[in-house]
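Keep in mind it's a predicted model, so treat the numbers as computed, not measured. Protein chains get the first letters and strands the later ones, always in sequence-line order, with residue 1 at the start of each.
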2 protein chains.
Amino acid sequence: MSSYKDKKVITIGIVHELTGISERKIRYYEQRELIFPDRTKNGTRKYSFSDVERLTEIADMREEGVQTYEIKKDMKNKKKYKDVREDMLRGQLNAHFRMRK
Amino acid sequence: MSSYKDKKVITIGIVHELTGISERKIRYYEQRELIFPDRTKNGTRKYSFSDVERLTEIADMREEGVQTYEIKKDMKNKKKYKDVREDMLRGQLNAHFRMRK
DNA sequence: CGTGTAAGGAATTCTGACACG
DNA sequence: CGTGTAAGGAATTCTGACACG
């Protein structure tokens, strides 16, 4: 659902420049599965602008004392609600088409 | 007039991955003033998605045999026409407001 | 748990130059 | 003119580990 925003092309040093978040933290959040960079053929991490935004969100939550474990649970919840919304939409569409038949 | 597209965050190696254009060529087109990357504090070149698109345009023109000098002239022409269009627009606006006074 | 840091190696990038055509 | 390549150095990135709290 996008183009530039989700293209993974930014190296970790520049992500750090952009966000002020230490490379150590950025790598750690990946280890905790909060963020999922691509890799170049030689193993260098590549991030998208979306990842950069996500990282600032994570950093904000961490500053509020939220643990990485909770942040990850939050992600799942958001995904679940998103799926629920999509299911509901599908249901409505199905009902709609059933009526038209 | 943009955000992600013009943000200079992509290193030369990734630009090469993205376009297939050799780093030598990319640097050379900068020397000929066809492209203008930013630099990190330590001198590493940083390109935007716009730059990447511009580079593929340049590469296409080069394949057709157009010399860098001509490509540069083309840029100036495009800029001139753009300026002319903007001047005309300004002229129309001015005329419009004069009439309303 | 979350993050800093020193360690060692591998890959990246940079510049100036020589080559060829 | 446009581009490849080897050269040497500096900066980047990676991983695994130790430290502290």
Using side chain to side chain contact (heavy atoms under 4.5 Å, CB included) as the criterion, list what pairs up with B:Glu33, not counting sequence neighbours.
B:Phe36, B:Lys72

Between residues 51-58 of chain B and DNA chain C, which residues have a heavy-atom gap below 4.0 Å?
none

Protein proximity profile, nucleotides 3-13 of chain C - base contact B, sugar-phosphate-only contact S, no contact -, cut-off 4.0 Å on heavy atoms:
BBB-----SSS

Please name all residues satisfying side-chain hydrogen bond (donor to acceptor under 3.5 Å, both in side chains) with [X], sequence neighbours left out, ordered by chain then number.
{"X": "B:Ser50", "result": "B:Asp6"}
{"X": "B:Gln67", "result": "none"}
{"X": "A:Thr44", "result": "none"}
{"X": "A:Lys46", "result": "B:Glu17"}

Rounded to the nearest angstrom, tell me the gap between atom CD in A:Glu30 and atom P in C:dG2.
15 Å

Quick one: ring-ring contact (aromatic ring centres under 6.0 Å, His included) pairs with a partner in residues 13-35 of chain A, sequence neighbours left out?
none

Can you list every pair that meets ring-ring contact (aromatic ring centres under 6.0 Å, His included) and has a residue in residues 42-67 of chain B, with sequence neighbours left out?
A:Tyr4-B:Phe49

Taking salt bridge (Lys or Arg N to Asp or Glu O under 4.0 Å) as the definition, give me every residue that meets it alongside A:Arg27, ordered by chain and number, with sequence neighbours left out.
A:Glu23

Output a table of donor-acceptor pairs, distance under 3.5 Å, between side-chain atoms of residues 59-66 of chain B and any protein atom two or more places apart or on a different chain; print 'none' if there are none.
from: B:Arg62; atom 1: NH1; to: B:Val66; atom 2: O; distance (Å): 2.8

When every non-hydrogen atom of A:Val52 is compared with those of A:Thr19, the smallest separation belongs to CG1-CG2, 3.6 Å

Helical stems, DNA chain C - three or more consecutive Watson-Crick or G-U wobble pairs below 3.5 Å:
C:2-5 with D:17-20, C:17-21 with D:1-5

